[in-house]
**Q** 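The following block contains the structure, expressed as structure tokens.
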Amino acid sequence: MGITRAGISVVNLGLESFAKSLEEQKVGVIHVEWRPPAGGDPEKIKLLSLLERDEVDRANREGIERVLKSQPVLVGIKKALEAIPGMREDMFLHAGPPVTWDRMCGPMRGAMIGAALLEGLADSPEGAERLLRSGEIIFEPCHEHSAVGPMAGVISPSMPVFVVKDKALGNYAYSNINEGFGKVLRFGAYGPEVIKRLRWIEGTLAPALAAGIEEAGGIDLRNLIARALHMGDECHNRNVAATSLFTRAFMPHLLRAGLSNDIVGEVAKYLSETDHFFLNLSMASCKAMMDSLAGLEGSSLVRAMTRNGTEFGLKVAGTGEEWFTAPAPFVKGLYFPGYKAEDANPDLGDSSIAETAGIGGFAMAAAPAIVQFVGGSPQEAIDYTREMYEITVAKNGNFTIPNLNFEGTPTGIDVRKVIATGIAPFINTGIAHREPGIGQIGAGLTRAPMECFEKALKRLAEEFG
Amino acid sequence: MVKKNTYWDSSSLMTISSKLGSLKGIKQVGAVMATEQNKKLLREAGLLTDEAKSAAPNDLVIVIEAISEDAARSALAAAEELLRAGRPAPRERLIRPKSLESALDRNPQANLALISVPGEFAKLEVLKALRRGLHVLLFSDNVPLEDEIELKRLAKEKGLLMMGPGCGTAIIDGAGLAFANAVRKGPIGVVGAAGTGLQEVTTLIHRSGSGITQAIGTGGRDLWREVGGITMLQGMKLLEEDPETEVIVLVSKLPHPDVERKLANAIERIEKPVVVDFIGGNPTLIREAGGIPAGTLEEAALRAVSLASKRRYVPKAFTMRGEEILSKAKAEYKRFSGRQRFVRGLFSGGSLCEESIAILTGLIGPVYSNTPMDPELKISGLQPGKGNTCIDMGEEEFTKGKPHPMIDPGQRQERILREARDASVAVILFDVVLGYGAHPDPAGALKPFIEEARATAERKGRYLSFVASVVGTEEDPQGFSAQVRKLEDAGVIVMPSNAQAVRMASLIATRGKLKGAFGLR
């Protein structure tokens, strides 16, 4: 009986002495390290109060149910033009929110030039640049076509793409195939060796992978991610376990697909050398999971976070297809020999779909091997993951973290919580050189800009105001 | 530098090279495992020395480009150090929840939120708590009235209690919240719109040997017309339905007449006895509704205890024997000099101040105050007292940016010294509030200032009388009798309740003239 029925248990916000008094009385109490919400900004607090309502919570619960139910499976490889909805002969997709040629960063311009050369639309980089500047090629974000691509994320019509199907909800997501390390298109390189590599991917690798996937009848990606998290990957900046797991699951099927020894050998070599092979699959999986939030009215959950190297873009479930943008932040990171912070391009790529879905930086506690990027100690990695629980609405039981007593990864970023706590989502990411073609020069971490979330909050509040 | 067959992972090596790179005189650093890929990187950076070129993939290579040999050598030494030291031991850290949501995530059983954040931020936190099914005690002040109404309506709709804003105390299911005393369990349930009033009543119940089921605070504005007593009505209903509650006590400062009528209607429907002390309220209305009006907080407590123990209540102005009261009073006033005749009340408890004004006005006439009954008698709390004065030192002019006098006695200490310099002052009347959250030794903190004030007066040929009451129980962290003893050591007359302290102060200030009013001979 009594007022609280089960016996009183207190949450204390404010004066810590009140919590201490309760402890003295042996009353259960948990003290909140409270700070003024939204940094004390009265305007934002008003918006937050307006959004503190059941409709939003209900929509978010529905959204989270979809995300947790989602079951991405790799079902095939197809040409972008055939696979990706809305793709056209004269269209190049790119990472991040929409961007015009004028505002494109160096690496993305380089990748666009490479794509024009690959497609045979120009025979020199200069010719390609003229074409791209002319407006004859349409640039659209991958995200607006159910697709994602790391770094520049450029996908042109003839490129082969992974086809990932969400077996639970039926939607599809797409991503290009990882080119490996060094001089690669995604970092804006477009020299002959880059084009040659892309042609090999299109002509040799993609058909072989496709044959193996067909033989396998699809490969469950959620399962691979879950296992990789137990093996030290967070599936954004570290994919070596996931790639190994994929290879292990895939090779028997590849061998049964009736390909020549030479081709099997080339594919095996590629898989063994490409630590980030799985990144593109991880991203497509996350995209499939998060697209289940599309059109979820009233929901304050984040559906996409992405960067085009110029701007950071945010999409929220309850605000349709609108992008909330802010200048792309710089990445705080560690550099390869010979490079330093001044060489870095601002944050770039669709790969932050991983954090949007609750892995990557959000699962940092699962990846002790790369904690150098977050300060050096496994404890700090755990702290980062713990902090992300403050801005998410659920724990994903499909993806657990051994180091946190198998707690699920923090999932479902709530715009309201981001604003209230002032904690911006944390993103693990690679660093591209600002000049096209040089490639990756380091890796590190950054935070999504608050400005995007502030804009989204305002729009969400308008729906109820 | 080449270390044969030494494996370090690339991210650790990047950390090392960034540390070395920040040393003085270092232009660039390459720290890598000597794989073909990494050697290519070194070459591009102009760091591929011959030694590095011949290193094998399992070898660790550190190449340093510096402005001088000395700089390079010290960087190499630093590199050796870093490689030997390994990684620093992880710091142990306990991350506390930063929001109500994450606290609930860790403890989903939590069922009450105790909120004392600045008032301007309180609404959002209360909304969150109520929407997640938590009862709320909102200690914070400065919450707009319309927000209070909105939040209380929401709470009521959800069947939750929203105590406050400005609710300083409550005892819910045995837990003393905010400023509360260690009070035993018993048959009496209390609802109060007056913080220290609630503390006075619950501690008097305890010291009379009885105890309480619940002490529900409502916040000071609950009985305003706009709020309409939402929380008090809810609290009454809870206590009515609670099988352990046999007697209900309501305490409040003066309610709005409309609300008082609403409460009277509710009292009429309740079968359990309801004892009511609305300071300065309408006893007839309460009596007609079947309630039992009480004139003071003490009377409310003692009537409730009598009802619960089925004993008759005998009203008494003083608990002590009459002769003793008179001789104590006389021992004080016979030492006064000519002009000394006023009472100055310095309170940490707002309801105790209000009750004192009500009683004093009836006994010795108008009382100036920063919270007067009659707006004409309003003075600022920061002004010196005039005539008979009672100051609520928990009011805004004292607490803006400073701690409440129940926590920090500083302002009261100064005020005592100031009143001592006024030749017209006869008695300084005050309260000492104990309990959780209060100062660990309020009597001890006041004692030297009382002694100094008395010495100041004596140097001018006057005698200053001190009368106090202590709100608390033996079980409180400060211990009731220990605090009483400290005050008595300082020559303070300590009375068993605020009401009796006020009467004693009046008796002394009027140099015994009031003894007839108290039935003393």
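Residue numbering restarts at 1 for every chain, and letters A, B, ... go by the order of the sequence lines. It should be emphasised that the depicted structure is a prediction, and the values quoted were computed from it without experimental measurement.
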**Q** Check A:Glu390 against B:Ser99 and note the closest heavy-atom contact, atom names and distance.
**A** OE1-OG, 3.1 Å
**Q** Show every salt bridge (Lys or Arg N to Asp or Glu O under 4.0 Å) that has at least one partner inside residues 331-344 of chain A, sequence neighbours left out.
**A** none
**Q** Would you name the heavy atoms of B:Leu127 and A:Glu52 that are closest together and state the gap between them?
**A** CB-CG, 3.8 Å
**Q** Can you tell if the side chain of B:Asn107 reaches within under 4.5 Å of the side chain of A:Val11, non-hydrogen atoms only?
**A** no
**Q** State the CG-CD1 distance between B:Leu239 and A:Ile3, to the nearest 0.5 angstrom.
**A** 6.5 Å
**Q** Residues two or more places apart in sequence or in another chain: which of them pass salt bridge (charged side-chain N to carboxylate O under 4.0 Å, His left out) with A:Lys183?
**A** none
**Q** Give me the atom names and distance for the closest heavy-atom approach of B:Asp173 to A:Arg5.
**A** OD2-N, 4.1 Å
**Q** Sub-4.5 Å heavy-atom contacts with chain B: which residues of residues 412-420 of chain A show up?
**A** A:Lys417, A:Ala420
**Q** Could you pull out the closest heavy-atom pair between A:Ile8 and B:Ile172, with the gap in Å?
**A** CD1-O, 3.6 Å
**Q** Do the side chains of A:Leu22 and B:Leu114 get nearer than 4.5 Å, heavy atoms only?
**A** yes
**Q** State which residues pass side-chain hydrogen bond (donor to acceptor under 3.5 Å, both in side chains) with B:Gln478; sequence neighbours excluded, sorted by chain then number.
**A** none
**Q** Considering all heavy atoms of both residues, which atom of A:Gly7 and which atom of B:Asn111 are nearest to each other, and what is their separation?
**A** O-ND2, 2.9 Å
**Q** Check whether any side-chain heavy atom of B:Glu120 lies under 4.5 Å from a side-chain heavy atom of A:Ile45, and answer yes or no.
**A** no
**Q** For a quick test of reading the model, state the closest non-hydrogen atom pair linking B:Arg131 to A:Asp54 and the distance between them.
**A** NH2-OD1, 3.0 Å
